[in-house]
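Values in this document were obtained by computation on a predicted structure and should not be read as measured data. Letters A, B, ... are given to chains in the order of the sequence lines, protein chains preceding strands, and every chain is numbered from 1.
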Amino acid sequence: MQNISYSIASDLLKNKAIFIYGSLLAVLGWGMFLIESQPEKTILALLQITLIVVPLMTGIFATIYYYNSAEFVQLLLIQPLRRSSIIWGIFAGLTSGFVLSFLVGIGLPLLLFYPTTASIHLILSGIFLSVIFTGLALLVSTHQQDKARSIGFVLLLWIFFTFIFDGILLWTMYQLADYPIEKSILFVTFLNPVSVARTLVVMQTEAAALLGLSGAIFQDFFGSLKGSFIAILALIIWGVIPYLFIKRKFLTRDF
Amino acid sequence: MISIQNISKKYGLQQVLDKVNLEFTGGQSIALIGPNGSGKTTLIKLILGLVLADQGQINVQNCDISLGPDYRKIIGYMPQLSRFPEQMKVGQLFSLIKKIRSDIAQNEYDLSLYNDFGIAKMEGKSLGALSGGMKQQVSAALAFLFRPEIIILDEPTAGLDPISNSILKDKVNEARAQNCLLITTSHILNDLEEMCNHVVYLMDGKIVLNEEMTSIAKTTGEAKLNKMVIKFLQNR
């Protein structure tokens, strides 16, 4: 079981695409700190990068990898291995590959140049987003035979979570401004892992303007400490639930 | 060794296998034949656990295969199309599979096909760069590597050159003599004739023939497998 995750992770790290992804993050992460003299500004720039680039890249790569490894999965399935350990191997291998790239590219410079709680929260968000979007990508891929459709669907999910979600939320709030909907909006916030990740980091900085609407409500309601605890809990749930569905599908499908 | 009880499988609306019952024991070399789309590969995939049955039960050595993957320890499988991860090297593939099968000691490997096909020379090549026949050779060597008691070959001879073909046939006959169970599908009946002693004919998901080769030869009065099959089908 560890063999499988290990071999997938090492296979992935040898992959050109993941190398480009890691290098891109490294150029941005290390470069920003070298150019910008104010680390408070740099962390916000890196936050934007993490929120946009990490979900996109992990989602797309995970989808492509899943389809390209169909032969490999077949080969594993005829060995005396449980299907559950194979899908866990794929999930763990992919996430550890992405997390490692993120840690080297963004995590390491953050810790070296700006070792604060905000940085640690940003690293946490990046790790969670890698896991969550790998999960979402595999969720789509295991339920859909066609590779192109899956990539399209993963892209849609990315656009929805990074751009459209807050827009819809703002519009709804504007429409329903006369009603006491704060609490329901708060609940809706949890439906977007990207907002939760953003809130988690921004709450630790002075830049409340970047919270976005959902984040502002969030902080207003929970305050900082309780807020980050609840945000982390929400992100864990966002990581676990897709995996449960992936596993259920993988155990019962035909190959 | 394998007992298939009342197995049915549907893909969408198409009934691929319809209440199939079969019993196979050691020393048998089964020729699993039938027209395209008759359910041969599905039957094999069901035994391997790649496809899950809608109904019925399969036992391998008296153990229900839905209970766990350990029964696959005694099965070697050579798929119809050998597809491998493209970037992986042949050597890496072998070492990975050997790692997964750590239950078999290093000195117990059956390296005869590995040596006869000269796979050592391919070790440094990536699997994507191998020709179809070479992939089949790799696949065959893997199927026999862990000395399985049950060997399943899906169209094994299709891409092999004549010499490799006869090496594989000899290997199959040797395994049968050692009381292994072999199940082979192929459309090349001449090949099957040299490897098999029992015929199972599938048609539209049902078994229409399940007999020893010698007894079919007697009832049809033919010596060649392809003639036997044709005569049998005409007599039905």
Subject >> Nearest-0.5 Å distance, NZ of residue Lys45(B) to CG of residue Leu77(A) >> reply: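 Rounded to the nearest 0.5 Å, the NZ-CG separation comes to 10.0 Å.
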Original post:
Within residues 132-151 of chain A, which positions have a heavy-atom distance to chain B below 4.5 Å?
Top reply: none
Original post:
How would you list, in number order, the residues of residues 244-255 of chain A that have a heavy atom less than 4.5 Å from chain B?
Top reply: Leu251(A), Thr252(A), Arg253(A), Asp254(A), Phe255(A)
Original post:
Arg72(B) and Leu81(A): which non-hydrogen atoms are nearest, and at how many Å?
Top reply: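 Between these two residues, the closest heavy atoms are NH2-O, 2.9 Å.
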**OP:** Decide yes or no for Leu75(A) and Leu96(B): does some side-chain heavy atom of the first lie under 4.5 Å from some side-chain heavy atom of the second?
**Re:** no
Original post:
Who pairs with Gln92(B) by side-chain contact (heavy atoms from CB on, under 4.5 Å), at least two apart in sequence or on another chain?
Top reply: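 Counting only residues at least two positions away or on another chain, Gln92(B) forms a side-chain contact (heavy atoms from CB on, under 4.5 Å) with Lys14(A), Met88(B), Lys89(B).
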Report, as yes or no, whether the 6.0 Å neighbourhood of atom [atom1] on [X] holds more than 12 heavy atoms from other residues, nucleotides or ligands.
X         : atom1 : value
Asn115(B) : CG    : yes
Phe153(A) : CZ    : no
Asp204(B) : CG    : no

Subject >> Part of Lys73(B) lying under 4.5 Å from any heavy atom of chain A >> reply: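 For Lys73(B), the contact with chain A is made by backbone and side chain together.
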Original post:
With Ile78(A), which of Leu50(B), Leu142(B), Ile152(B), Ile75(B) fulfils side chain to side chain contact (heavy atoms under 4.5 Å, CB included)?
Top reply: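 The residue from Leu50(B), Leu142(B), Ile152(B), Ile75(B) that satisfies side chain to side chain contact (heavy atoms under 4.5 Å, CB included) with Ile78(A) turns out to be Leu50(B).
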**OP:** Verify, without hydrogens or angle tests, whether Arg82(A) (side chain) and Pro69(B) (backbone) share a donor-acceptor contact under 3.5 angstrom.
**Re:** no
**OP:** For Arg101(B) and Gln79(A), indicate whether the former's side chain and the latter's backbone hold a donor-acceptor pair under 3.5 Å.
**Re:**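 Absent.
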Subject >> Largest heavy-atom contact set with chain A, pairs under 4.5 Å, which of Leu93(B), Ile74(B), Ile97(B) >> reply: Ile97(B)
Original post:
What residues of residues 7-37 of chain B sit under 4.5 Å from chain A when you count only heavy atoms?
Top reply: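 Within residues 7-37 of chain B, near chain A: Lys9(B), Tyr11(B).
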